[in-house]
Student: 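I am attaching a structure below and will ask some questions about it afterwards.
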Amino acid sequence: MTKQSDTVVGLLLRQHTEIRNLFSKVEKSSGKARDEAFGQLRHLLAVHETAEEEIVHPFARRTIGNGERIIDARLKEEKSAKEILLELEKSGTESAEFDTLFERLHKAVESHSEQEERLEFPEIAEKATPQQLKGMQAAVKAAEAVAPTHPHPGTESATKNIALGPMAAVMDRTRDAIRKAMS
């Protein structure tokens, strides 16, 4: 029998914990340390949500009870969080509005994560076969490896991510490399 920690559900739960830790790190830091922590958080949120939208949510939509309603609500939350994240990215960690916007993002992401952990993940763990759970874990890792690293509101579906994601990912990763080289 496959342990949950070795499945897509375990992977996503570990990432939720890492996201929570990064929120705390951003809140407790300042200056360059805050910039770096926020960059890590932004990157993880971007790739995590892309992978969920491409792999996890389509499976849940098809297989869990009330899948359409549950996933539509999660996608709406993801779009809202991406919009806030984009505002934060544009304003920067030193801006006057950062703390207020960051608090809004933190609350939105925490609520979203709790909904996934309560409504989506247990159903996936119950309905999917061990092979599906392992396969989705591998697919999520692959999707994250090539996902955009910055928020792109409006791409909250597998189809839009597949159509627009590769171009956005190349642009994001190029921008990241240039910024890293310049700093």
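For the single chain, residues carry numbers from 1 onward in sequence order. Scope of the values below: all heavy atoms of this structure, side chains included, with no hydrogens, waters or symmetry mates.
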Student: Answer yes when Glu110 and Arg20 have at least one side-chain N-carboxylate O distance shorter than 4.0 Å, and no when they do not.
Tutor: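 Counted as a salt bridge, because a side-chain N and a carboxylate O are separated by less than 4.0 Å.
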Student: Nearest 0.5 Å, what's the NE2-CG distance between His43 and Leu22?
Tutor: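 CG of Leu22 is found 11.5 Å from NE2 of His43.
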Student: To the closest 0.5 Å, what do you measure between CD1 (Ile70) and CD (Gln115)?
Tutor: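 If we round to the nearest 0.5 Å, Ile70:CD1 and Gln115:CD are 9.0 Å apart.
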Student: Verify salt bridge (Lys or Arg N to Asp or Glu O under 4.0 Å) between Glu78 and Lys82, making sure each step is shown before the conclusion.
Tutor: CA-CA 6 Å; Glu78 288 170 10; Lys82 286 178 188 179; 5.6 Å; no
Student: Applying side chain to side chain contact (heavy atoms under 4.5 Å, CB included), run through Glu54 and Thr50 and close with a yes or a no.
Tutor: CA-CA 6 Å; Glu54 290 180 5; Thr50 298; 3.4 Å; yes
Student: Do Asn66 and Leu119 pass the side chain to side chain contact (heavy atoms under 4.5 Å, CB included) test, and can you show the C-alpha distance, the side-chain angles, and the key distance before you say yes or no?
Tutor: CA-CA 10 Å; Asn66 294 317; Leu119 300 173; over 6 Å; no
Student: Side chain to side chain contact (heavy atoms under 4.5 Å, CB included) between Ile71 and His57: does it pass, once the steps are laid out?
Tutor: CA-CA 6 Å; Ile71 299 309; His57 294 331; 3.6 Å; yes
Student: Tell me whether Ser111 contacts the main-chain N or O of Lys107 through its side chain, where contact means a donor paired with an acceptor under 3.5 Å.
Tutor: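 Flag not set: sc Ser111 to bb Lys107 has no pair under 3.5 Å.
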Student: Might you point out which heavy atoms bring Val140 and Val56 nearest each other, and give the distance in Å?
Tutor: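 Shortest heavy-atom separation between Val140 and Val56 comes out as CG2-CG2, 3.8 Å.
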Student: Could you check whether Glu18 pairs with Arg14 (Lys NZ or Arg NE/NH1/NH2 to Asp/Glu carboxylate O, under 4.0 Å)?
Tutor: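 No, Glu18 and Arg14 are not salt-bridged.
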Student: What pairs with Phe38 under ring-ring contact (aromatic ring centres under 6.0 Å, His included), at least two apart in sequence or on another chain?
Tutor: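 For Phe38, the residues satisfying ring-ring contact (aromatic ring centres under 6.0 Å, His included) (neighbours in sequence not counted) are Phe98.
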Student: Under a 4.0 Å threshold between the charged nitrogen and the carboxylate oxygen, would Lys32 count as salt-bridged to Glu36?
Tutor: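 Yes, this pair counts.
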Student: Which pair of non-hydrogen atoms, one from Gln132 and one from Ala128, has the smallest distance, and what is that distance?
Tutor: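 Smallest heavy-atom distance, with atoms named: OE1-CA, 3.3 Å.
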Student: Can you tell whether the side chains of Glu77 and Arg74 come within less than 4.0 Å, N to carboxylate O?
Tutor: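 Between Arg74 and Glu77 there is a salt bridge, with a charged N closer than 4.0 Å to a carboxylate O.
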Student: Side chains of Glu116 and His16: is there a donor and an acceptor less than 3.5 Å apart?
Tutor: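 Yes, because at least one side-chain N or O of Glu116 sits under 3.5 Å from a partner of the opposite role on His16.
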Student: Donor-acceptor pair, distance only, cut-off 3.5 Å: does the side chain of Arg104 make one with the backbone of Thr100?
Tutor: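 Side chain of Arg104 to backbone of Thr100, a donor-acceptor pair under 3.5 Å: no, none is there.
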Student: Could you tell me if the side chain of Glu49 sits less than 4.5 Å from the side chain of His112, heavy atoms only?
Tutor: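 In short, these two side chains touch, coming nearer than 4.5 Å.
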Student: Given 3.5 Å as the limit, does a donor-acceptor pair link the side chain of Thr17 with the main chain of Leu13, or not?
Tutor: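 Checked: pair present.
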Student: For Arg61, run the salt bridge (Lys or Arg N to Asp or Glu O under 4.0 Å) check against Glu53, Glu68, Glu52, Glu120 and tell me which one passes.
Tutor: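 That would be Glu68; it is the only one of Glu53, Glu68, Glu52, Glu120 passing the salt bridge (Lys or Arg N to Asp or Glu O under 4.0 Å) with Arg61.
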Student: Of all heavy-atom pairs between Val47 and Pro148, which one has the smallest distance, and what is that distance?
Tutor: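 What the structure gives for the nearest pair is CG1-O, 3.5 Å.
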Student: Side chains of Gln15 and Leu11: does their closest heavy-atom pair fall under 4.5 Å?
Tutor: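 Heavy-atom side-chain distance check passes, below 4.5 Å.
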Student: With a 4.5 Å heavy-atom cut-off, do Arg69 and Asp72 have their side chains touching?
Tutor: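 Not in contact.
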Student: Please find the pair of heavy atoms, one from Gly92 and one from Ser95, that lie closest to each other, and give the distance.
Tutor: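 For Gly92 versus Ser95, the nearest heavy atoms are O-OG, 3.0 Å.
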Student: Going by heavy atoms in the side chains, are Ile19 and Val109 under 4.5 Å from each other?
Tutor: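 Side chain of Ile19 against side chain of Val109, heavy atoms only: contact under 4.5 Å found.
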Student: Can you tell whether the side chains of Lys127 and Glu123 come within less than 4.0 Å, N to carboxylate O?
Tutor: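 Between Glu123 and Lys127 there is a salt bridge, with a charged N closer than 4.0 Å to a carboxylate O.
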Student: For the residue pair Ala81 and Leu105, what are the closest heavy atoms and their distance?
Tutor: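 Nearest pair, atom of Ala81 first, then Leu105: O-CD1, 3.5 Å.
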Student: For the CD atom on Glu103, are there more than 12 heavy atoms of other groups (residues, nucleotides or ligands in this structure) within a distance under 6.0 Å?
Tutor: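 Incorrect, the count does not exceed 12.
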Student: Please enumerate all residues that pass side-chain contact (heavy atoms from CB on, under 4.5 Å) together with Ala108, with sequence neighbours excluded.
Tutor: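 Per chain and number, Ala108 pairs via side-chain contact (heavy atoms from CB on, under 4.5 Å) with no residue.
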Student: Would you compute the distance between atom CG of Leu101 and atom CG of Leu85 and round it to the nearest 0.5 angstrom?
Tutor: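 Between atom CG of Leu101 and atom CG of Leu85 there are 10.5 Å.
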Student: Between CG of Leu41 and CG of Asn21, what distance do you get to the nearest 0.5 Å?
Tutor: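 Going from the CG atom of Leu41 to the CG atom of Asn21 covers 11.0 Å.
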Student: May I ask you to test the Arg34-Lys28 pair for a side-chain heavy-atom distance under 4.5 Å?
Tutor: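 No, side chains not in contact.
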Student: Nearest 0.5 Å, please: how far is NE2 in His106 from CG in Asp99?
Tutor: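 Reported value, rounded in 0.5 Å steps: 13.0 Å.
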Student: At what distance, to the nearest 0.5 angstrom, does CG of Leu12 lie from OG of Ser113?
Tutor: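 With rounding to 0.5 Å, CG (Leu12) is 10.0 Å from OG (Ser113).
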Student: Are Phe59 and Leu133 close enough that some pair of their side-chain heavy atoms sits under 4.5 Å apart?
Tutor: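 With C-beta onward as the side chain, the pair stays apart.
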Student: Checking Ile64 against Phe121 for the side chain to side chain contact (heavy atoms under 4.5 Å, CB included) test, could you report, in this order, the C-alpha distance in whole Å, the side-chain angles of both residues, the deciding distance, and whether it holds?
Tutor: CA-CA 10 Å; Ile64 70 174; Phe121 297 170; over 6 Å; no
Student: Looking at every heavy atom in both Ala143 and Ile55, which two are closest together, and how far apart are they?
Tutor: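 Answer, listing the atom of Ala143 first, then Ile55: CB-CG1, 4.4 Å.
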